[in-house]
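The block underneath contains the structure these notes are about, expressed in structure tokens.
Only this structure's heavy atoms are used, side chains among them; waters, hydrogens and symmetry mates stay out. In each ligand, atom 1 is the first atom listed, and ligand 1 is the first ligand listed.
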Amino acid sequence: MTRGIQPKGARITGIGHYLPERVLTNFDLEKMVDTSDEWIVTRSGIRERRIADESEAASDLALNAARRAIEDAGVAADELDLIIVSTVTPDMSLPATACLLQSRLGAKRAAGFDLSAACSGFVYGLTTGHALIAAGRAKKILIVGVEVLSRILDYEDRATCVLFGDGAGAVVLEEGPEGEGILGTFMQCDGSLGELLYVPGGGSRMPLDAQRIAERQQYVKMRGDGLFKYAVRAMVDAARSTLDEAGLQLSDIDYLIPHQANIRIIEGVRKRLKLAKEQVVVNIDRIGNTSSASIPIALSELRDGGTLHKGDLVMMVAFGGGLTWGAVLARY
Ligand code: UT7
């Protein structure tokens, strides 16, 4: 501590999520591509996922989740200092979805920016928010993970379209006493493996034209087996790093909220962290992989279920395109 600046703690004080109404089941997908309910369930654990209505964009889903989190925190929108939106499916490339949300919430004093870290985005957002609060640069931050992945999925590619869904989750992070709330954070990436999960078209490298659209370059491309290889180890390493930072043990964890990419990855992480099944939040069967929305949705559902209590130690850990991975350890 230098020059009298005291590091501040950051606590999650509000949680909310929103899922679009439309359900797309594995049986619906059987009619669209060469797949089966049996293959999807055994390989991924997914039975159904939610798909946004044509009229719904990322900021619409985000607004619903954000309103719930703000109300839950008992914070007025104009008290927010910052809005961080994690997404790879923004409404548009400019302006940021965080700015669209700022306006619709009436968060008059807030700054806002989008963060792109794929499935690790919410954990990256929490880490960023925590650092800004600890440094005394903000007191109340809204962090949203939102994805409308159905807009960038190729519904002719069975290797990807069966895995992902749409949704949004949000938390309010507020300044609190040091040593409470978020106790450990970790982020890392390896861009040399970026082509395991990417969208080639639509950026400055490959602007879309009729030919590229015909080649389906605007859609997600994924090498699932390649990702699988790294996922468990990266998530376990990230989780252990946050425990080390906090000076805590695996046995101190009450709940694990892993990114919901695949039930087999979740199980692999659970076993290596020596946790019981009841300690792990799983909703992949109903919601699929919602990328950066998956952890805040799962956190929100855990809280709504009534089993998350004040003082519980929650490990949130993610892995995704980039590659990116990271973890946040927080006392609720
Ligand atoms: O969100 C973070 C980023 N995402 C991930 O971390 C995803 C990580 N990866 C995975 O979850 C798994 O690798 C998948 C669920 C994507 C696939 O499971 P897998 O056990 O690794 O299967 P695979 O990729 O080795 O594919 C096995 C077979 C292939 O057929 P051949 O070549 O063995 O004849 C695929 O063509 O399954 C085939 N296949 C399908 N069959 C029926 C691929 N997708 C489907 C499908 N339905 N939807």
Side-chain angles (χ1 to χ4, degrees), residues 24-49 86-89 116-125 145-150 152-167 169 187-191 193-199 219-239 257-270 272 281-285 287-298 316-327:
L24 184 69
T25 67
N26 291 351
F27 300 105
D28 296 327
L29 283 160
E30 283 182 353
K31 297 178 197 134
M32 296 160 68
V33 285
D34 181 15
T35 191
S36 65
D37 174 61
E38 198 263 332
W39 189 96
I40 302 170
V41 172
T42 52
R43 297 296 177 110
S44 73
I46 301 167
R47 294 182 185 277
E48 58 187 44
R49 68 288 292 142
S86 165
T87 186
V88 294
T89 49
S116 174
C119 307
S120 310
F122 181 73
V123 159
Y124 272 48
V146 57
E147 302 292 358
V148 192
L149 293 166
S150 57
I152 58 166
L153 288 177
D154 184 348
Y155 283 97
E156 292 184 7
D157 175 14
R158 68 178 184 173
T160 51
C161 72
V162 304
L163 300 175
F164 297 96
D166 302 335
M187 303 189 283
Q188 199 171 335
C189 79
D190 183 350
L193 296 168
E195 288 195 5
L196 291 178
L197 179 54
Y198 75 126
V199 178
Y219 294 129
V220 170
K221 318 285 177 201
M222 186 177 89
R223 288 197 8 230
D225 53 342
L227 288 165
F228 206 107
K229 242 174 45 191
Y230 295 97
V232 175
R233 198 182 60 220
M235 289 166 85
V236 169
D237 287 351
I257 306 183
H259 168 53
Q260 311 277 310
N262 186 311
I263 190 66
R264 291 180 292 147
I265 294 175
I266 294 172
E267 267 297 287
V269 174
R270 178 187 75 77
R272 280 169 188 74
V281 184
V282 175
N283 63 17
I284 190 170
D285 52 327
I287 293 171
N289 180 346
T290 57
S291 190
S292 68
S294 83
I295 288 178
I297 292 171
M316 293 169 268
V317 59
F319 169 86
L323 303 183
T324 56
W325 60 101

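Under the 4.0 angstrom criterion, atom 37 (O) of ligand 1 counts as having a protein heavy-atom contact. Counting only heavy atoms, the protein gets under 4.0 Å from atom 41 (N) of ligand 1.
Only the side chain of L197 comes within contact range of ligand 1, with a heavy atom under 4.0 Å; no backbone atom does. Residue T35 touches ligand 1 through backbone and side chain together, judged by heavy-atom distances below 4.0 Å. Using a 4.0 Å cut-off between heavy atoms, A231 makes no contact with ligand 1 at all.
Put simply, part of L163 is less than 4.0 Å from ligand 1, judged by heavy atoms. Ligand 1 has at least one atom lying under 4.0 Å from a heavy atom of N289. Contact between R223 and ligand 1 is absent, with no heavy atom of the residue lying under 4.0 Å from the ligand.
Here is the list of ligand 1 atoms found below 4.0 Å of a heavy atom in R264: 18 (O), 19 (P), 20 (O). Interface atoms of ligand 1 facing F319, defined by a heavy-atom separation under 4.0 Å, are 2 (C). Near C119, meaning under 4.0 Å from any of its heavy atoms, are these atoms of ligand 1: 1 (O), 2 (C). For ligand 1, the atoms sitting less than 4.0 Å from at least one non-hydrogen atom of A159 are 44 (N), numbered in the order shown with element in parentheses. Ligand-side atoms of ligand 1 in range of L227: 3 (C), 4 (N), 5 (C), 6 (O), 8 (C), range being under 4.0 angstrom from any heavy atom.
Protein heavy atom in closest approach to atom 27 (C) of ligand 1: R43 NH1, 3.3 Å. In terms of protein heavy-atom proximity, atom 17 (C) of ligand 1 is closest to W39 CH2, 3.9 Å. The nearest protein atom to atom 29 (C) of ligand 1, hydrogens excluded, is given as R158 NH2, 4.8 Å; this is a heavy-atom distance.
No option in L29, D166, V162 other than L29 meets the side chain to side chain contact (heavy atoms under 4.5 Å, CB included) test with L24.
Q260 and T290 share no side-chain donor-acceptor pair at under 3.5 Å.
Atom-to-atom distance recorded for N26:CG and E38:CD is 11.0 Å, nearest 0.5 angstrom. Taking OG of S291 as the start and CG of L163 as the end, the distance is 12.0 Å to the nearest 0.5 Å.
Compare V162, T42, N262, V232 by their heavy atoms: the one nearest to atom 11 (O) of ligand 1 is in N262.
Among the atoms of G321, none of the N or O lies under 3.5 angstrom from an N or O of ligand 1.
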